Student: 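Below you will find the structure I want to go over with you.
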Amino acid sequence: MIKGFIFDLDGVITDTAASHYDAWKKLSDEMGWAFDHAVNDKLRGISRMDSIQVIMDHNNASLDEATIIELAAKKNEIYVASLETMTPEDYLPGAKELLTHLRTEGFSVALGSASKNAIKVLQQLNATAYFDVIGDGNSVSKSKPEPDIFLYGSEKMGLQPDECIVFEDAESGVDAAKAGRFYSVGIGPEERVGHADLRFDTMAEATLFEVKAYFKELFG
Ligand code: BG6
Ligand code: MG
């Protein structure tokens, strides 16, 4: 029986991809690195340090560890500054409705995000109260596609993986959900999240009604 839901943040609850893009683009321009939307899409769901490595690999760049950490921190400063303008109007369409519905029906809800800025984002959205458990980039050391962040959420909710549905917009995030034996809902195109149990193009279609209809034998 499904008793809990675990949500990724960036790309599921709110769309931060453009802000991440702008920050990486600014850093890349300063470094003389090529960076475009196709590279940015590969960064979905992966940690900040893994992200800078992807960008450097794309540019055949290599730097010492201390410099990489410094550059990642610089990107983060730009990104965090951009979060100041985020408001409770900035949920992806449908996300707030789904979170409200889950609260009304008494499900347990966890966040399972790779971001170390997740709490800041939830505060900007005024979304903290929708979550019983907050798992973020500081909660576990192994990032997606490892299942650790979702296992952290289910464990803190006191649930087994097969009692939870994970919502993800990233290929690595759906991989992580499957590796942990969670049920999964993918948000986005077939080529990115088509391996999820159920897929919607956007959160607006991902209503509790639709999710229950698909997983009906798991809701009793
Ligand atoms: C994920 C995003 O949620 O968090 C990634 O999809 C991002 O794009 C990652 O790199 C880490 O975020 P942060 O805020 O810790 O740099
Ligand atoms: Mg995401």
Side-chain angles (χ1 to χ4, degrees), residues 2-17 19-20 43-51 72 76 79-92 94-170 172-177 179-187 196 203 206 208 211:
I2 297 299
K3 295 178 181 159
F5 286 75
I6 307 179
F7 288 90
D8 173 50
L9 176 66
D10 297 308
V12 171
I13 305 296
T14 185
D15 186 15
T16 48
S19 303
H20 279 294
L43 310 181
R44 238 172 234 272
I46 70 170
S47 72
R48 197 181 310 157
M49 291 307 287
D50 287 348
S51 298
N76 192 52
Y79 175 65
V80 171
S82 77
L83 294 178
E84 289 305 324
T85 56
M86 182 182 275
T87 74
E89 303 295 305
D90 291 322
Y91 286 87
L92 275 167
K96 188 176 180 178
E97 291 74 8
L98 179 58
L99 290 170
T100 306
H101 209 164
L102 293 175
R103 268 285 171 261
T104 313
E105 295 215 359
F107 287 101
S108 295
V109 179
L111 189 80
S113 169
S115 174
K116 293 189 172 172
N117 298 301
I119 289 177
K120 167 85 176 160
V121 171
L122 291 183
Q123 283 170 346
Q124 293 294 123
L125 292 171
N126 199 16
T128 313
Y130 290 121
F131 297 91
D132 302 296
V133 174
I134 293 176
D136 65 12
N138 304 299
S139 307
V140 295
S141 52
K142 282 194 261 167
S143 49
K144 301 167 189 175
E146 298 297 328
D148 300 39
I149 189 65
F150 298 138
L151 292 169
Y152 175 90
S154 59
E155 201 172 295
K156 292 262 175 191
M157 291 192 289
L159 300 176
Q160 296 299 318
D162 66 0
E163 294 175 307
C164 304
I165 297 177
V166 168
F167 274 64
E168 257 295 346
D169 70 306
S172 62
V174 174
D175 291 341
R181 300 184 181 278
F182 292 88
Y183 292 100
S184 56
V185 172
I187 304 298
M203 280 295 280
L208 186 55
V211 171

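What you are looking at is a predicted structure, and each value in this text was computed from that prediction instead of being measured.
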Student: Below 4.5 Å, heavy atoms only, C-beta onward: do L208 and F5 meet side chain to side chain?
Tutor: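 Heavy-atom side-chain distance check passes, below 4.5 Å.
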Student: Rounded to the nearest 0.5 Å, what separation is found between the NZ atom of K144 and the CD1 atom of I149?
Tutor: 7.0 Å
Student: Who pairs with N126 by side chain to side chain contact (heavy atoms under 4.5 Å, CB included), at least two apart in sequence or on another chain?
Tutor: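 Result, side chain to side chain contact (heavy atoms under 4.5 Å, CB included) vs N126: P88.
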Student: Just verifying a value: how many Å separate K120 NZ and Y79 OH, rounded to the nearest 0.5 Å?
Tutor: 10.5 Å
Student: Check side chain to side chain contact (heavy atoms under 4.5 Å, CB included) between D175 and all other residues, then give those that pass, not counting sequence neighbours.
Tutor: P145, E171, H195
Student: Which heavy atom in P147 sits nearest to a heavy atom in A176, and how many Å separate them?
Tutor: CB-O, 3.3 Å
Student: Does any pair with a residue in residues 97-113 pass salt bridge (charged side-chain N to carboxylate O under 4.0 Å, His left out), and if so which ones, sequence neighbours excluded?
Tutor: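 Residue pairs passing salt bridge (charged side-chain N to carboxylate O under 4.0 Å, His left out), neighbours aside: R103-D132, E105-K212.
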Student: Taking C-beta and beyond as the side chain, do T128 and I134 meet within less than 4.5 Å on heavy atoms?
Tutor: yes
Student: If you count the non-hydrogen atoms of other residues, nucleotides and ligands that lie under 6.0 Å from CD in E84, is the total more than 12?
Tutor: yes
Student: Quick one: are N76 and R48 in side-chain contact, heavy atoms under 4.5 Å?
Tutor: yes
Student: Would you list the pairs meeting ring-ring contact (aromatic ring centres under 6.0 Å, His included) in which at least one residue belongs to residues 112-167, sequence neighbours left out?
Tutor: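 ring-ring contact (aromatic ring centres under 6.0 Å, His included) check on residues 112-167 returns F7-F167.
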Student: For the OG atom of S141 and the CD atom of E146, what is their distance to the nearest 0.5 Å?
Tutor: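 Separation between the atoms: 10.0 Å.
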Student: Looking at A17 and R44, what are the two nearest heavy atoms and their distance?
Tutor: CB-NH2, 4.4 Å
Student: Return the minimal non-hydrogen interatomic distance between G45 and A114, and the atom names on each side.
Tutor: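 Of all heavy-atom pairs spanning G45 and A114, the closest is O-CB, 3.6 Å.
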Student: Going by heavy atoms in the side chains, are T14 and Q124 under 4.5 Å from each other?
Tutor: no
Student: Could you walk me through whether T85 and D90 pass the side chain to side chain contact (heavy atoms under 4.5 Å, CB included) check?
Tutor: CA-CA 10 Å; T85 56; D90 291 322; over 6 Å; no
Student: Testing the basics here: between S108 and L159, what is the closest heavy-atom pair and its distance to 0.1 Å?
Tutor: CB-CD1, 4.3 Å
Student: Using 0.5 Å steps for rounding, measure from the CG atom of L83 to the OG atom of S115.
Tutor: 8.0 Å
Student: Given 3.5 Å as the limit, does a donor-acceptor pair link the side chain of T16 with the main chain of S19, or not?
Tutor: no
Student: I need the minimum non-hydrogen distance between I6 and L111, along with the two atoms involved.
Tutor: CG2-C, 4.2 Å
Student: Would you say that L92 contacts V12 through its side chain, given a criterion of any heavy-atom pair below 4.5 Å between the two side chains?
Tutor: no
Student: Can you pull the side chain to side chain donor-acceptor pair (under 3.5 Å) pairs that have at least one residue in residues 157-166, sequence neighbours excluded?
Tutor: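 Side chain to side chain donor-acceptor pair (under 3.5 Å) check on residues 157-166 returns K3-E163.
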Student: Does Y91 have any ring-ring contact (aromatic ring centres under 6.0 Å, His included) partners at least two apart in sequence or in another chain, and if so, which?
Tutor: none
Student: Looking at every heavy atom in both V133 and G153, which two are closest together, and how far apart are they?
Tutor: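 Nearest pair, atom of V133 first, then G153: CG1-CA, 4.3 Å.
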Student: Quick one: pull up OG in S143 and CE in M49 and give me the separation to the nearest 0.5 Å.
Tutor: 11.5 Å
Student: Any side-chain heavy atom of L99 within less than 4.5 Å of one from I13?
Tutor: yes
Student: So, do L151 and K142 sit near enough that their side-chain heavy atoms are less than 4.5 Å apart?
Tutor: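 In short, these two side chains do not touch, never coming nearer than 4.5 Å.
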Student: I need the I2 CD1 to C164 SG distance, nearest 0.5 Å.
Tutor: 7.0 Å
